[in-house]
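Data block below; observations after.
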Amino acid sequence: MAASPLSSSSALSKPISKHHSFSLNTPQKVTFPLLPKTLQKPSSFPCNHVLHPQKSQFTTSSKNPISDFFSANKNEDGLVPPFSDDDDDKPREECGVVGIFGDPEASRLCYLALHALQHRGQEGAGIVAVNNNVLQSVTGVGLVSEVFNESKLDQLPGEMAIGHVRYSTAGSSMLKNVQPFVAGYRFGSIGVAHNGNLVNYRALRAMLEDNGSIFNTSSDTEVVLHLIAISKARPFFLRIVEACEKLEGAYSMVFVTEDKLVAVRDPHGFRPLVMGRRSNGAVVFASETCALDLIEATYEREVYPGEVLVVDKKDGVQSVCLMPHPEPKQCIFEHIYFALPNSVVFGRSVYESRHAFGEILASEAPVDCDVVIAVPDSGVVAALGYAAKAGVPFQQGLIRSHYVGRTFIEPSQKIRDFGVKLKLSPVRGVLEGKRVVVVDDSIVRGTTSSKIVRLIKEAGAKEVHMRIASPPIIGSCYYGVDTPSSEELISNRMSVEEIREFIGCDSLAFLPFESLKKMLGSESPNFCYACFSGKYPVMPREVKVKRVGDFLDDGLNGPMDSIDGGWIQGPRDLNVEKEIDPLYQKSNI
């Protein structure tokens, strides 16, 4: 049953307007002085070979088209198991990276930058520093503050360092998958930190193993090191270029050798990577500008899609085209949920984007209400935008506890919605007797949303109206985001009205997909909307998804014989692939 993005248990008291558009002011960029002027335009990056971009027409669907082609994890009755009860029901950004060149306290600055990127991964952290042409590494499981202390940072002297934070589920072999990875080969040593996901990992690994390569981890990032090691290209950065030409999918990576720092971004630019400079001339790369702010580095520009930046003492910063690249397909969820509001991502203020999302919801899905609240913390800015546009006060109706650990002990007498109550506390004085609009960034499985609605109603709210600052999520992400399989995504299984009934609110509205694209204006074609449309810019022929009950993470932890449990072979028929994604032009299937 097809449904509009708005659903209500009763008629709305105000007409829905669809004639509002919002434009955002792109922050002014500082051009990078060591690059020729032809490279200073952020919307394109010149290459020796030109690949003419083809614009795809994205259409909203009530079901993810790709889910028809991948087998579901079904029970004995042939039915998909019920939703898992997850109290942190959000997609998760799997990694954050940082690289620093030319600062005597590189590792300590790297440590601080990783603190700023902690929201991108909380399960593991690591730093590799270079001192006297030797790569030294410290990695560990846990938060940045748990992995590093004064004595460990003292083990990482040098003027060059890279760092990584990683999201993952727990696992006995997780530590060996914590990055950065370091490897020695015939030309020296190299370290790498990677944000993203390679969709052709299995094929590359099989090819390398057939040729004698031995793998120490189950992470797709290790494939990159092997490809560099077997390359015969000279100089060094051409080995990286040659390796990356074999990769498909999303990758924003930083490499370090005995004398060079290298940053590279995939041709589609799925994951963010920015460049800045400290007052002493040190060059900094990071996943978000918030990391630059903390270490007092000035944001200069993005690393362009398909670009390799090489930094060394001899030549400073050199920019190299990685390969011909199509239209950029930057992850829209960076602006919806992943990035911090104070970051500039893809040249656009995250705060301004989220504020505009809330304004659109207030214009296109209005409802009579007394107060607007947010599901903290990611829904706050959109709620502010909604409240400002609707002329209704914003108040803090839910208080989030920032002191909940990753594990907690529940009393023997079971408490309903214990996990949510542990993290979120309703403010009865704000909610009691009120018609409440609750703004959240997204709904994934719907389990947490239903508990939040129940929590607010138990605090005395007269009505609860959910407003979601993103379109319905109908497809899994294969480009470096930990999302459930399509069978678990509630918007892929239910209409908006059915979701409203499931979570128990009085009305429900999502950010309309077309309004989102209209707000982005001329930049709209440069974003990836696969999770909303089911149209994948790079066909996920080898698919890593979290199916119901699977114990699998971004590094494919656990015994090797369990890997196939989370990898599903994609469609092999070219006609099927063209049907799913008209842009898919690969011939090596």
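Residue numbers count from 1 along this sequence. These numbers were taken from a predicted model, which means no experiment stands behind them.
Within the 6.0 Å centre-distance limit, the rings of Phe215 and His226 are counted as a close aromatic pair.
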* Yes or no on salt bridge (charged side-chain N to carboxylate O under 4.0 Å, His left out) for Arg205 and Glu222, after CA distance, side-chain angles and deciding distance? -> CA-CA 9 Å; Arg205 177 164 179 153; Glu222 192 178 1; 5.3 Å; no
* To do: Step by step, work out the side chain to side chain contact (heavy atoms under 4.5 Å, CB included) result for Val128 and Gln136.
  => CA-CA 5 Å; Val128 172; Gln136 298 167 306; over 6 Å; no
* Determine, stepwise, if the pair Ser219 / Phe181 fulfils side chain to side chain contact (heavy atoms under 4.5 Å, CB included). => CA-CA 10 Å; Ser219 168; Phe181 292 154; 3.7 Å; yes
* **Check against side chain to side chain contact (heavy atoms under 4.5 Å, CB included), Ser218 and Asn177** => CA-CA 7 Å; Ser218 49; Asn177 286 308; 3.5 Å; yes
* Go through the steps for Met207 and Glu209 under the test side chain to side chain contact (heavy atoms under 4.5 Å, CB included), then give the verdict. => CA-CA 6 Å; Met207 179 270 291; Glu209 289 179 328; over 6 Å; no
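When side chains are defined from C-beta on, Ser287 counts as touching Arg120, because their heavy atoms get closer than 4.5 Å. Side-chain contact between Gln330 and Pro272: absent, with no pair of heavy atoms (C-beta onward) separated by less than 4.5 Å. With a 4.5 Å cut-off on side-chain heavy atoms, Ile162 and Leu261 count as touching. The closest side-chain heavy-atom distance from Val264 to Cys244 is below 4.5 Å. With contacts defined as side-chain heavy-atom distances shorter than 4.5 Å, the pair Leu198/Tyr251 qualifies. Looking at Thr289 and Val345, their side chains never come closer than 4.5 Å, going by heavy atoms from C-beta outward. When side chains are defined from C-beta on, Ile190 does not count as touching Val256, because their heavy atoms never get closer than 4.5 Å.
The aromatic rings of Phe346 and His335 are tilted relative to each other, their planes meeting at an angle between 30° and 60°. Between Tyr185 and Phe187, the two ring planes are perpendicular [angle over 60°; tilted spans 30° to 60°]. Ring orientation note: the planes of Tyr111 and Phe148 are nearly perpendicular, at an angle over 60° on the 30°/60° scale.
A distance of 9.5 Å separates CG in Asp220 from CG in Leu204, rounded to the nearest 0.5 Å. Rounding to the nearest 0.5 Å gives a distance of 8.0 Å between SG of Cys331 and CD1 of Ile336. Separation of atoms CZ (Phe532) and CD1 (Ile332) is listed at 7.0 Å; rounding is to 0.5 Å. Residue Glu248 holds its CD atom at 10.0 Å from OH of Tyr479, rounded to the nearest 0.5 Å. Here the straight-line distance linking atom OH of Tyr529 with atom OG of Ser470 works out to 13.0 Å at 0.5 Å rounding. Once rounded to the nearest 0.5 Å, the distance linking CD of Glu296 with CG of Leu112 reads 10.5 Å.
A salt bridge links Arg301 with Glu307: the closest approach of a Lys/Arg side-chain nitrogen to an acidic carboxylate oxygen falls below 4.0 angstrom. Remark: Glu334 engages Arg271 in a salt bridge, criterion side-chain N to carboxylate O under 4.0 Å. Between Lys152 and Glu150 no salt bridge is recorded (no basic side-chain N to carboxylate O distance below 4.0 Å). Electrostatic pairing of Lys260 and Asp315 does not count as a salt bridge here, judged by no charged N lying under 4.0 Å from a carboxylate O. Salt-bridge formation is not detected for the pair Arg166/Glu123: no Lys NZ or Arg NE/NH1/NH2 atom is positioned less than 4.0 Å from an Asp or Glu carboxylate oxygen.
Of all heavy-atom pairs spanning Ala113 and Val98, the tightest one is CB-CG2, 3.6 Å. Here the shortest heavy-atom pairing between Gly191 and Leu135 reads N-CD2, 3.5 Å. Between Ala297 and Arg278, the shortest heavy-atom contact is CB-CG, 3.8 Å. For the residue pair Ala530 and Pro537, the shortest heavy atom distance occurs at CB-CD, 4.4 Å. Ala233 approaches Glu242 most closely through the heavy-atom pair CB-OE1, 4.1 Å. In terms of heavy-atom proximity, Cys110 sits nearest to Gly163 at SG-N, 3.4 Å.
Applying the 6.0 Å contact sphere to CD of Glu159 captures more than 12 heavy atoms from other residues, nucleotides or ligands. At most 12 non-hydrogen atoms from other residues, nucleotides or ligands lie less than 6.0 angstrom from CG of Asn132.
Evaluated for a side chain to side chain contact (heavy atoms under 4.5 Å, CB included) with Met253, the options Leu247, Val262, Val97 yield exactly one hit, Leu247. Paired with Phe338 under the rule ring-ring contact (aromatic ring centres under 6.0 Å, His included), one option of Phe333, Tyr167, Phe270 passes, and it is Phe333.
For the residue pair Asn133 and Asp259, no side-chain donor N or O sits within less than 3.5 Å of a side-chain acceptor on the partner. Counted by atom type alone, Asn526 and Ser524 present zero donor-acceptor pairs between their side chains at under 3.5 Å. In summary, the side chains of Gln179 and Thr221 do present a donor paired with an acceptor at a separation below 3.5 Å, with no hydrogens or angles considered. For the residue pair His119 / Glu288, a side-chain donor-acceptor distance below 3.5 Å is found, with atom types taken as modelled.
No donor-acceptor pair under 3.5 Å is formed between the side chain of His194 and the backbone N or O of Ser252.
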